[in-house]
Amino acid sequence: MADAPKRTILVTGGAGFIGSNFVRFILKRVQDVRVVNLDALTYSGNLANLSDVLSVPRHTFVKGSINDAHLIADLIDAHAVEGIINFAAESHVDRSIDSPAIFVETNVAGTQALLAAAHEARVSRFVQISTDEVYGSLGPEGMFREDTPVQPNSPYSASKAAADHFVHAYRHTYGLNTIVTRCSNNYGPYQFPEKMIPLMIHNALTGKPLPVYGDGLHVRDWLYVADHCRAVWEVYEKGTAGNVYNIGGNNEHTNLDVVRTILRCLNKPESLIQFVKDRPGHDRRYAIDASRIRRDIGWEPSIDFETGIKRTVEWYCEHREWLQTIVSGDYQKYYDRMYSGREMTA
Ligand code: NAD
Ligand code: TYD
C-alpha cells in the first residue's frame with residue numbers, strides 16, 4: 001500500500017484556470033502531498049474545472065474566500081497546513097478597468113488576510129502567484145528582470161503589485177517565509193473565455209468576429225499553463241525565502257500573430273478578424289527574463305508555442321460543453337457590454 005500523504009498545502013483559487021491545472025498537477029505528480037483547495041467560486045471559478053479530481057482522497061475542496069480570516073485559520077489548524085500557494089484573484093485587466101474596487105478587495109485585502117493567517121499559524125512557506133504585469137510595459141527592446149522596478153499601469157496590475165508589497169512587508173517585518181512568482185501570460189485548458197486566446201477560439205468556432213484591440217501589434221510572452229504549474233511547485237520546494245522568481249518561456253508573439261495561428265489551426269478565414277477600439281492604457285509589450293529560475297532551480301519550459309497552441313485549440317474543440325455552459329450564462333451580458341459598438345471603421 002502507498003504511504004499516506006505526509007504534508008498538506010492550502011491552494012487558493014484552485015477552481016480557476018491556473019489553480020485547477022495546478023491542483024491536477026499535484027494530484028498526478030506529487031504523491032506525498034494533500035491539497036486543501038479554497039475557492040470562492042466567483043464568475044471565473046468553476047467546479048467543472050475539477051470534475052475529474054473532486055473525488056480524489058488527497059483533495060479537499062472548500063468553498064470560501066481568502067478574505068475570511070476565521071475560515072483560513074480554521075483550515076490551517078484542522079488540516080495542519082504546511083504551506084500556502086495563493087492563486088486566488090480577480091484576474092482580468094478589462095474587468096479591472098470597468099470595476100476596479102473588487103480588485104482591491106480580493107487581490108490586496110484578500111492577500112493581506114491570508115498573509116496574516118499564515119503568520120499567525122507560523123506556516124512554513126507562502127507562495128504568492130503574481131504577474132509580470134506589475135513591471136509595467138516595455139518598448140521594442142529589453143526584458144523584465146526581478147530587479148526591474150515595479151510600475152503597474154492597469155488597476156489589475158496595481159492591485160497585484162500592492163499584494164506583492166504586502167508579501168514583502170510580511171517577510172521583512174514578521175519573518176514569514178515568502179516567495180513571489182511573476183509569470184507571463186498563460187494559455188491552455190480551462191481558461192475562462194474572457195481572456196484573449198480562449199475568446200478568439202470560441203468566436204472562431206461560432207463564426208463570430210475576432211475582436212483585436214488597436215493595431216494588434218501588442219506583444220505578450222506566452223507560457224503553456226502546465227509549465228507554469230511545474231515552475232510554481234519547484235519554487236515552493238526549492239526556492240529561496242524572500243526571493244521573487246520570474247517565470248516565462250521566451251515566446252513573444254504579437255496578438256495578431258496569435259489570432260492568425262488560431263484561425264489556421266481551425267481552418268477559418270482571416271476575414272473573421274475585426275479590429276476594435278483599443279483597451280485604455282494598453283501595455284505594449286511584456287517579455288520575461290527567466291534566467292534566475294533556470295539557474296537556481298533548474299526549471300525550463302517544456303512546451304513550445306506551436307505545440308501548446310495546437311493542444312489548446314484541440315482541447316477547446318473537444319470540450320464544447322464546458323465552453324457552452326460558460327458562454328450561456330452571464331458571459332453574454334459581459335461580452336455585449338465590453339464589445340458592442342467597439343468596431344473600428346478605418
Ligand atoms: P482565474 O480568474 O481563472 O481564477 C481565479 C480564481 O480565484 C477563481 O477560481 C475564483 O473563483 C477565485 N477567487 C476569486 N476571488 C476569491 C476569493 N476572494 N477567495 C477565494 N477564491 C477567489 O485566474 P487565473 O488566470 O487562473 O490566475 C490565477 C492567478 O495567477 C492570479 O493570481 C493571477 O493574477 C495570476 N497570473 C495569471 C496569469 C494568466 O495569464 N492567467 C499570468 C500570471 C499570473
Ligand atoms: P488578455 O488575455 O486579456 O491578457 P493581458 O491583458 O493580461 O495580457 O489579453 C492578451 C492580449 O490580447 C492583450 O494585449 C489584449 C489583447 N486582447 C485583444 O486584442 N482582444 C480581446 O478581446 C482580448 C480579451 C484581449
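Start at 1 and go down the list; that is how both ligands and their atoms are numbered. Starting from 1, each residue takes its place in the sequence as its number. Just so you know, these numbers use all the heavy atoms, side chains as well, and skip hydrogens, waters and symmetry mates. All values reported here derive from a predicted model rather than from experimental measurement.
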Does Met200 reach ligand 2 with a nitrogen or oxygen that is under 3.5 Å from one of the ligand's nitrogen or oxygen atoms?
-> no

Only heavy atoms count here, so choose which of Cys183, Ala163, Gly248, Ser130 is nearest to atom 44 (C) of ligand 1.
-> Ser130

Location of contacts on Lys160 toward ligand 1, heavy atoms closer than 4.0 Å | side chain

Just by distance, do the side chain of Asp39 and the backbone of Ala15 share a donor-acceptor pair under 3.5 Å?
-> yes

Shortest protein heavy-atom distance from atom 26 (O) of ligand 1, along with the residue and atom involved | Ile18 N, 2.8 Å

N or O pair under 3.5 Å between Tyr43 and ligand 1 = no

Those residues at least two apart in sequence (or on a different chain) that pass side-chain contact (heavy atoms from CB on, under 4.5 Å) with Leu266 are Ile201, Ala204, Leu205, Ile262, Lys268, Val313, Cys317

Report the member of Ala89, Gly16, Gly14, Gly45 with the shortest heavy-atom distance to atom 7 (O) of ligand 1.
-> Ala89

Ligand 2 contacted by Met338 (non-hydrogen, < 4.0 Å) = no

Should the proximity of Phe103 to ligand 1, defined as any heavy atom under 4.0 Å, be assigned to the side chain, the backbone, both, or neither?
-> neither

Does ligand 1 have a heavy atom under 4.0 Å from the side chain of Thr106, from its backbone, from both, or from neither?
-> side chain

Region of Leu41 engaging ligand 1 - heavy atom pairs below 4.0 Å = backbone

Please state which protein non-hydrogen atom is closest to atom 9 (O) of ligand 2 and give its distance, to 0.1 Å?
-> Met196 CB, 3.8 Å

Under 4.0 Å from one or more heavy atoms of Gly64, ligand 1 contributes atoms 19 (N), 20 (C)

If hydrogens are left out, which of Tyr187, Tyr156, Phe87 has an atom nearest to atom 29 (C) of ligand 1, that is, the closest non-hydrogen atom?
-> Phe87

